[in-house]
Protein chains: 2
Amino acid sequence: MSLKFAMLGFIDMKPMTGYDLKKMFETSVNFYWSATHSQIYRTLDEMKKDEWIMEEFIYQKDLPNKKVFHATERGKEALYNWIMEPSEIPPIRHKLLVQLSWADRLPTEEIIKQLNQYGEKLEERLALYDSDEQQKMPNWSRTAKEKFLWESILKNGISTYQAELNWIRSTIKGLKNFVNKDIPIDKK
Amino acid sequence: MSLKFAMLGFIDMKPMTGYDLKKMFETSVNFYWSATHSQIYRTLDEMKKDEWIMEEFIYQKDLPNKKVFHATERGKEALYNWIMEPSEIPPIRHKLLVQLSWADRLPTEEIIKQLNQYGEKLEERLALYDSDEQQKMPNWSRTAKEKFLWESILKNGISTYQAELNWIRSTIKGLKNFVNKDIPIDKK
DNA sequence: GTAGTCATGTAAGACGTTACATGATTCT
DNA sequence: AGAATCATGTAACGTCTTACATGACTAC
């Protein structure tokens with residue numbers, strides 16, 4: 001449901017093609033919403049039917065022709081209304097945590113290896129976000145307020161991943177007590 | 001893909017009905033994976049076909065009949081192998097962040113109201129997890145290691161939500177500078 | 001009486017991923 | 001010569017949500 005609006009917001013800022021949107025979802029936005037080109041083109045069709053966007057066909061000689069989409073008044077209104085809707089805490093589907101719930105069956109070293117691997121991925125992700133690289137938060141921001149909002153969004157990602165990385169580290173530390181030891185419950 | 005294994009893990013600990021699983025997903029497990037009964041019954045069918053579980057039909061006089069599922073050897077093996085698979089950082093789909101990206105259009109007070117509402121939800125969630133209530137992490141844990149793992153999983157949730165709550169608070173603070181003010185970029 | 005728990009299922013639709021499909025231009 | 005970029009789409013499949021459907025017993 002949010003996908004339409006994520007796309008509409010971009011199109012409203014600056015008319016765009018499906019291909020442009022695809023790139024947006026691959027770079028900037030990527031950590032809080034994502035979409036493949038399949039999904040993008042299908043959704044563009046729907047939005048066109050709903051008259052939230054209008055298509056402008058552009059012929060190109062050297063490059064493939066393309067369709068630039070523009071937001072309509074109806075579209076802008078729909079976006080505006082949606083932005084004010086209250087939001088729930090997003091459901092998380094966390095494979096690693098499901099694995100951990102049943103990881104009792106694994107040797108402790110294996111579990112630690114798993115957590116380490118995951119931790120490395122978090123580190124990479126954080127490195128990416130901390131680098132200038134990720135100043136790809138679309139840089140055609142107009143107002144100071146908008147700039148502030150985009151920076152805040154990035155911070156959300158960073159602090160979430162950082163929290164999880166800290167958790168990983170402390171969990172690994174705790175697990176080391178179980179390496180090659182059998183610790184009965186309630187041993188005082 | 002993880003759903004099968006989340007279910008299988010429970011069934012392996014203790015034979016269960018679809019209804020029992022449903023309750024598990026509503027309580028304990030709920031923050032890192034969730035499922036409705038529709039999905040659960042369909043998935044049980046599939047797992048039966050794959051011979052990961054076996055069905056035991058139980059006739060009851062006062063209550064509706066039920067089907068208790070037991071994990072098979074094949075099922076246990078599948079679970080074991082899956083647990084060792086490396087896990088990616090789960091994709092996040094965060095409606096509030098999409099809304100924030102385009103919230104420049106809203107009066108700052110409205111944005112703050114939105115963030116406050118969301119913050120309250122986080123506080124409720126945290127209160128729930130901090131309370132004994134949430135010792136609903138299935139309490140038939142056998143080994144100390146398993147107990148440690150379940151506690152760790154809960155901590156993951158708590159620290160994630162706590163990090164987001166801190167972020168919300170600091171974002172609100174920052175936004176207050178934009179209430180009824182027009183701040184040009186690069187004003188020194 | 002009315003809501004809740006126990007207990008099971010089906011059907012339709014929304015949302016998402018992966019694979020299939022094409023083809024010119026530009027960079028290495 | 002091979003890979004990447006630009007640019008669009010379709011088809012099949014997998015996953016998830018919402019609504020429809022039933023029915024007895026129990027607690028307030």
Side-chain angles (χ1 to χ4, degrees), chain A residues 1-8 11 15-27 29-50 53 55-69 82 88-95 98, chain B residues 1-8 11 15-27 29-50 53 55-69 82 88-95 98:
Chain A
M1 249 276 77
S2 301
L3 177 61
K4 284 183 211 286
F5 298 101
M7 289 168 61
L8 196 51
I11 292 170
M16 282 191 186
T17 66
Y19 190 79
D20 294 330
L21 286 167
K22 189 196 127 206
K23 281 187 296 180
M24 288 295 140
F25 282 104
E26 276 166 2
T27 56
V29 164
N30 157 283
F31 87 88
Y32 64 91
W33 209 275
S34 72
T36 57
H37 78 279
S38 285
Q39 215 182 154
I40 289 168
Y41 287 112
R42 262 195 292 116
T43 305
L44 283 171
D45 283 346
E46 285 164 34
M47 290 201 282
K48 213 175 86 182
K49 269 178 215 150
D50 292 343
I53 52 176
E55 179 183 308
E56 178 195 3
F57 200 98
I58 296 189
Y59 296 89
Q60 297 185 118
K61 19 180 176 38
D62 290 357
L63 291 170
N65 297 331
K66 63 181 177 179
K67 296 172 177 178
V68 174
F69 293 95
W82 178 79
E88 300 304 314
I89 299 172
I92 300 170
R93 285 169 198 279
H94 206 315
K95 181 176 167 185
V98 179
Chain B
M1 249 278 77
S2 301
L3 177 60
K4 284 184 210 285
F5 298 101
M7 288 168 61
L8 196 52
I11 291 170
M16 282 193 187
T17 66
Y19 190 79
D20 294 330
L21 286 166
K22 189 195 127 208
K23 282 186 295 178
M24 287 297 140
F25 283 103
E26 276 166 3
T27 55
V29 164
N30 157 284
F31 87 88
Y32 64 90
W33 209 275
S34 73
T36 58
H37 77 280
S38 288
Q39 216 182 153
I40 290 167
Y41 287 113
R42 260 192 297 110
T43 305
L44 283 171
D45 283 347
E46 286 163 35
M47 289 201 284
K48 212 175 88 182
K49 268 176 216 150
D50 293 342
I53 52 175
E55 179 182 308
E56 177 195 5
F57 200 98
I58 297 190
Y59 295 88
Q60 297 185 120
K61 19 180 176 39
D62 290 357
L63 292 170
N65 297 331
K66 63 182 179 180
K67 295 171 177 178
V68 174
F69 293 94
W82 178 80
E88 299 306 312
I89 299 172
I92 299 171
R93 287 170 197 277
H94 206 315
K95 181 177 168 184
V98 179

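We use all heavy atoms of the structure for the numbers below, so side chains are in, but hydrogens, waters and symmetry mates are not. Note on naming: letters A, B, ... go to the chains in the order of the sequence lines (proteins, then strands), and numbering restarts at 1 for each one.
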**Shortest non-hydrogen contact between A:Ile11 and A:Phe69, atoms and distance** = CG2-O, 3.3 Å

**Fill in**
Here the distance between atom P of C:dT5 and atom OH of B:Tyr19, to the nearest Å, is 7 Å

**Asked** Across the strands shown, which category fits A:Lys22 at heavy-atom distances under 4.0 angstrom: base, sugar-phosphate, nothing?
**Response** nothing

**Message:** What does the B/S/- profile of nucleotides 21-28 of chain D look like, 5' to 3', with a 4.0 Å heavy-atom cutoff to protein?
**Reply:** --B-S---

**Prompt:** Reckon B:Arg93 has a side-chain N or O less than 4.0 Å from the OP1 or OP2 of C:dG16?
**Reply:** yes

**Item:** Separation of atom NZ in A:Lys23 from atom P in D:dT5, rounded to whole Å
**Value:** 10 Å

**Value in whole Å for how far the C1' atom of D:dC16 lies from CZ of B:Arg42** = 8 Å

**Request:** Would you mind listing every salt bridge (charged side-chain N to carboxylate O under 4.0 Å, His left out) that reaches into residues 33-49 of chain B, with sequence neighbours excluded?
**Result:** B:Lys4-B:Glu46, B:Lys48-B:Glu55

**Request:** Answer with base, sugar-phosphate or nothing: what part of the nucleic acid does A:Lys4 contact at a heavy-atom distance below 4.0 Å?
**Result:** nothing

**Asked** Separation of A:Glu26 atom CD from C:dT17 atom P, in whole Å?
**Response** 13 Å

**Asked** Considering residues at least two apart in sequence or located in another chain, which fulfil the salt bridge (charged side-chain N to carboxylate O under 4.0 Å, His left out) criterion with A:Glu56?
**Response** none

**Message:** Base, sugar-phosphate or nothing for A:Ser38? Non-hydrogen atoms, less than 4.0 Å.
**Reply:** base

**Complete:** note: A:Tyr59, atom OH; D:dA7, atom C1'; distance rounded to Å ~ 15 Å

**Request:** Could you grab the distance from atom NE2 of B:His37 to atom NZ of B:Lys23, nearest 0.5 Å is fine?
**Result:** 14.5 Å

**Message:** For B:Lys66, give me all partners under salt bridge (charged side-chain N to carboxylate O under 4.0 Å, His left out), at least two apart in sequence or on another chain.
**Reply:** none

**Asked** What about A:Thr36, does its side chain sit under 3.5 Å from the base of C:dT18 through a donor-acceptor pair?
**Response** no

**Request:** Look at B:Gln60 and C:dA7 and indicate whether a side-chain polar atom (N or O) is within less than 4.0 Å of OP1 or OP2.
**Result:** yes

**Under the side-chain hydrogen bond (donor to acceptor under 3.5 Å, both in side chains) test, residues paired with A:Asp50 that sit two or more places apart** = none

**Spacing between A:Leu3 atom CG and C:dT17 atom C1', to the nearest angstrom** = 13 Å

**Prompt:** Mapping B:Asp45 and B:Pro91 to their closest nucleotides on DNA chain C, which lands nearer the 5' end?
**Reply:** B:Asp45

**Request:** Please round to 10 degrees the angle between the axis of the first five pairs and the axis of the last five pairs in the helix from C:dG1-D:dC28 to C:dT28-D:dA1.
**Result:** 50°

**Sequence-distant partners of B:Gln60, side-chain hydrogen bond (donor to acceptor under 3.5 Å, both in side chains), two or more places apart** = none

**Item:** Distance, nearest 0.5 Å, that separates CD1 of B:Ile53 from CG of B:Leu8
**Value:** 7.5 Å

**Asked** Quick one: is D:dC6 close enough that its OP1 or OP2 comes under 4.0 Å of any side-chain N or O from A:Thr17?
**Response** no

**Message:** Rounded to whole Å, please give me the gap between CD in A:Gln39 and P in C:dA19.
**Reply:** 16 Å

**Asked** With sequence neighbours left out, what residues match A:Trp33 under ring pair (Phe, Tyr, Trp, His ring centres under 6.0 Å)?
**Response** none

**Fill in**
In whole angstroms, the gap separating C1' of D:dC13 from CD of B:Glu46 amounts to 12 Å

**Complete:** Sorted by chain and number, sequence neighbours left out, side-chain hydrogen bond (donor to acceptor under 3.5 Å, both in side chains) with B:Lys22 holds for none

